[in-house]
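Everything below concerns the one structure shown next.
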Amino acid sequence: MSKLLIVHHTPSPGMQAMFEQVVAGATTDEIEGVEVVRRPALSATASDVLDADGYLLGTPANLGYISGALKHFFDTVYYPCLDATSGRPFGYYLHGNEGVEGAQRAISSITTGLGWQQAAEPAIVLGTPERSDLDSCWELGATVAAGLMS
């Protein structure tokens, strides 16, 4: 069975709604043979990353950058996982009230360094998530999980 690790920082109702839709997409009945593991960014470990076959990352864009929690996660797992996880698929979702370009750049830079392969377009939401935004989150979860089906 493949394993999808969702690493998230979910401090707001908007992020919670997005997280729930990502999980719903990843665990829809059509997805078979994929275990979905959820970890808050501050408690996710290198072992979690090494044990997973793919990743979904969720963060608010704070002052135009990824959350400190997600940055801490990457700082903790980067070198222990550098060679062992190269080539694995990932996706991400972001929520911001203003620009998210810096957060996108950070995720792109860090995951490129890890050698991860982006498996789906990110779900990016500015302001209060609307139905179409939440649908994009569901699609993101389903797409990344479906790519792990054996």
Side-chain angles (χ1 to χ4, degrees), residues 1-12 14-96 99-125 133-150:
M1 179 173 281
S2 296
K3 189 179 288 187
L4 174 61
L5 176 64
I6 301 175
V7 178
H8 63 99
H9 182 62
T10 308
S12 67
M15 282 300 301
Q16 183 66 35
M18 293 172 70
F19 170 70
E20 289 171 4
Q21 287 302 303
V22 166
V23 171
T27 59
T28 189
D29 290 342
E30 290 81 12
I31 304 295
E32 297 177 352
V34 178
E35 177 186 359
V36 177
V37 177
R38 305 159 189 104
R39 293 282 186 270
L42 290 175
S43 64
T45 66
S47 293
D48 292 323
V49 174
L50 292 168
D51 288 343
D53 301 292
Y55 315 101
L56 277 167
L57 311 166
T59 183
N62 295 328
L63 304 172
Y65 194 70
I66 59 176
S67 68
L70 192 65
K71 176 68 167 77
H72 173 78
F73 162 74
F74 280 130
D75 288 345
T76 302
V77 305
Y78 191 88
Y79 286 109
C81 299
L82 183 58
D83 295 323
T85 62
S86 183
R88 292 188 186 169
F90 82 98
Y92 68 94
Y93 59 100
L94 293 173
H95 178 265
V100 296
E101 298 82 13
Q104 286 181 280
R105 211 169 18 260
I107 289 173
S108 177
S109 176
I110 295 165
T111 56
T112 296
L114 285 165
W116 294 0
Q117 302 299 311
Q118 190 168 333
E121 287 299 312
I124 298 172
V125 177
D133 298 320
L134 298 176
D135 290 346
S136 294
C137 291
W138 189 96
E139 189 68 34
L140 172 67
T143 300
V144 176
L148 296 177
M149 288 174 48
S150 19

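Put simply, the side chain of Ser2 never gets that close to the backbone of Val34: no donor and acceptor are under 3.5 Å apart. In this structure, Arg88 contributes its side chain and Ala52 its backbone to a donor-acceptor pair below 3.5 Å.
Just one of Asp75, Val77, Thr76 meets the side-chain contact (heavy atoms from CB on, under 4.5 Å) condition when paired with Phe73; it is Val77.
For Glu32 against Asp29, the heavy-atom pair with the smallest separation is CG-O, 4.1 Å. Residues Gly113 and Leu82 approach most closely at O-CD1, 3.3 Å, considering heavy atoms. Of all heavy-atom pairs between Val100 and His95, the closest is CG1-C, 4.5 Å.
Using bins of under 30°, 30° to 60° and over 60° for the plane-to-plane angle, the ring pair Trp116/Tyr55 lands in the parallel bin.
Looking only at side-chain heavy atoms (C-beta outward), Val125 and Met18 come within less than 4.5 Å of each other. Under the 4.5 Å side-chain criterion, counting only non-hydrogen atoms from C-beta, Leu114 is not in contact with Ser86.
Applying the side-chain contact (heavy atoms from CB on, under 4.5 Å) criterion to Thr143, with sequence neighbours excluded, gives Ala120, Glu139.
Atoms CD and CG, on Glu101 and Leu94 in that order, are 10.0 Å from each other to the nearest 0.5 Å. Here Leu5 contributes atom CG and Glu35 contributes atom CD; the two are 10.0 Å apart, rounded to the nearest 0.5 Å. The line from OG1 of Thr112 to CD of Gln117 is 8.5 Å long, rounded to the nearest 0.5 Å. With rounding to the nearest 0.5 angstrom, the CG atom of Leu56 is 7.5 Å from the OH atom of Tyr93. The line from CG of Leu57 to CD1 of Ile66 is 9.0 Å long, rounded to the nearest 0.5 Å. Taking CD1 of Ile110 as the start and CZ of Arg105 as the end, the distance is 12.0 Å to the nearest 0.5 Å.
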Only pairs under 3.5 Å count here: list side-chain donor-acceptor contacts from residues 40-47, not counting sequence neighbours, and write none if there are none.
unit_1: Ser43; atom_1: OG; unit_2: Pro40; atom_2: O; d: 3.3
unit_1: Thr45; atom_1: OG1; unit_2: Ser47; atom_2: N; d: 3.3
unit_1: Thr45; atom_1: OG1; unit_2: Asp48; atom_2: N; d: 3.1
unit_1: Thr45; atom_1: OG1; unit_2: Asp48; atom_2: OD2; d: 3.2

Can you list, pair by pair, the side-chain donor-acceptor contacts under 3.5 Å of residues 19-27, counting residues two or more places apart and other chains?
unit_1: Glu20; atom_1: OE2; unit_2: Gln16; atom_2: NE2; d: 2.9
unit_1: Thr27; atom_1: OG1; unit_2: Val23; atom_2: O; d: 2.7

